[in-house]
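What follows is a set of notes on a single structure, which appears directly below.
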Amino acid sequence: MDISRPETTTRDDRAPWLTLKTREMLEAWLFVSPTVIGFLIFFLGPLVAVVYFSMTEWNLLSQKATFVGLDNFNDALFKNPDFWHVVRNSVVFAIGLVPLNMALALTLALALSRPFFGVVFFRTVFFAPVITSAIAWAIVWKFLLQGEGGVINQMLALVGITGPNWLREPNWAMAAVIVTRVIKMVGLNMILYIAALQAVPRDYEEAARLEGASRWQVFTMVIWPLLAPTTLVILVITTIGSFKVFDHIYQMTGGGPENGTLVLAFYIYQQGFKFFNVGYAAALAMIMFVIVMALTLIQVRIRRRGMQ
């Protein structure tokens, strides 16, 4: 008896369109689909919604948004004096936070980039606030910075110094929020600088020292230029983060006193979810996006000119 093997159907016979190239393309799209779907749902979709609502008048309670064109932008830029006060506060916050954060991060990185006993412990100590809950961090500092009953003022009183009411005086409140924010986030930039310092070839430093260069000359003429790309990245992300600050303001000062710490991100929250002026809040968000984008492009352009 001749029992022949059943004839099998090849992949091409079953699906002639499923060529190797097509299959590879489908597999590639399958792997990237979570990222693409996430981008569409959590970034592009909300961005389109913000652009639309920025040109409407909607208070979250009405069922329908009324199209008003560019009226919200006109009100913010030319009719509402509070907007420019908020922008000034945001710029002051950024000017105070960015240089202090970067300088402290670089100092810590220089001290902790070389191996010594306990270096991992100190790196952990300075990085721990980064992963600490921002609200919990702000609550703790709010109690520490209270008036006469605050721990900070009690410690100052031990050496004969009368501390101010940190969070109830406009100038001191802004300084207090800046410092506490720097302490919390400096660990992230410190790690970035440590990684960059460890990538610097030791041959360059040794060659400079053989030529008689001092430590300061080695840093300014060898190490610092090699840190320029990392410095640009840190500058950009720290600047963007300074304009997005919300949690510290919300928990520590609530924008006060006398609107002295009312920054743009918190002002958007107030307009959208406290006063239910969603259209105006969306317009403010678009303006903040343009400001941050412009600052980022300026920083990149300056860096590129410096490299030429």
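If you're wondering where the values come from, they're calculated on a predicted model, not measured in any experiment.
Note: Tyr250 and Phe266 have tilted aromatic rings, judged against thresholds of 30 and 60 degrees for the angle between ring planes. Ring planes of Tyr269 and Phe246: perpendicular class, angle over 60° (limits at 30 and 60°).
A donor and an acceptor atom, one from each side chain of Asn89 and Thr261, are nowhere located under 3.5 Å apart. A side-chain N or O of Tyr193 and one of Thr231 form a donor-acceptor pair less than 3.5 Å apart. In this model, no donor atom of one side chain and acceptor atom of the other lie less than 3.5 Å apart for Trp58 and Asn277. Gln299 and Thr239 are linked by a side-chain donor-acceptor pair at a separation below 3.5 angstrom, with hydrogens and angles left out of the test.
As a member of the Ile/Leu/Val/Met/Phe/Trp/Tyr network built from side-chain separations under 4.5 Å, Val300 groups with nothing else and remains a singleton.
Counting heavy-atom neighbours within 6.0 Å of Phe122 CZ, excluding the residue itself, gives a total of 12 or less. Crowding of Glu169 atom CD: a count of heavy atoms from other residues, nucleotides or ligands under 6.0 Å exceeding 12. Taking a 6.0 Å sphere around CZ of Arg168, one finds it holds 12 or fewer heavy atoms contributed by other residues, nucleotides or ligands.
Follow the hydrophobic side-chain contacts under 4.5 Å out from Tyr267 and you reach Ile178 in the same cluster. Transitive grouping of hydrophobic side chains (ILVMFWY, heavy atoms separated by less than 4.5 Å) keeps Val182 and Trp166 in distinct clusters.
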Assess the residue pair Arg202 and Glu205 against the criterion (salt bridge (charged side-chain N to carboxylate O under 4.0 Å, His left out)); give the C-alpha distance rounded to whole Å, side-chain angles, the decisive distance to 0.1 Å, and a yes or no. CA-CA 5 Å; Arg202 300 302 176 200; Glu205 298 181 43; 2.7 Å; yes

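Using a 4.5 Å heavy-atom cutoff, the side chains of Phe83 and Leu264 are in contact. In this structure, Leu108 and Phe127 have side chains that are not in contact, with every pair of non-hydrogen atoms separated by 4.5 Å or more. Side-chain contact between Gln146 and Leu167 is absent, with no heavy-atom pair separated by less than 4.5 Å.
A salt bridge is defined here as a Lys NZ or Arg NE, NH1 or NH2 lying under 4.0 Å from an Asp or Glu carboxylate O, and Asp247 with Arg181 meets this definition. The pair Glu24-Lys21 fails the salt-bridge criterion, with no side-chain N (NZ, NE, NH1 or NH2) lying under 4.0 Å from an Asp/Glu carboxylate O.
Shown here are the side-chain hydrogen bond (donor to acceptor under 3.5 Å, both in side chains) partners of Ser90, two or more places apart in sequence or in another chain: there are none.
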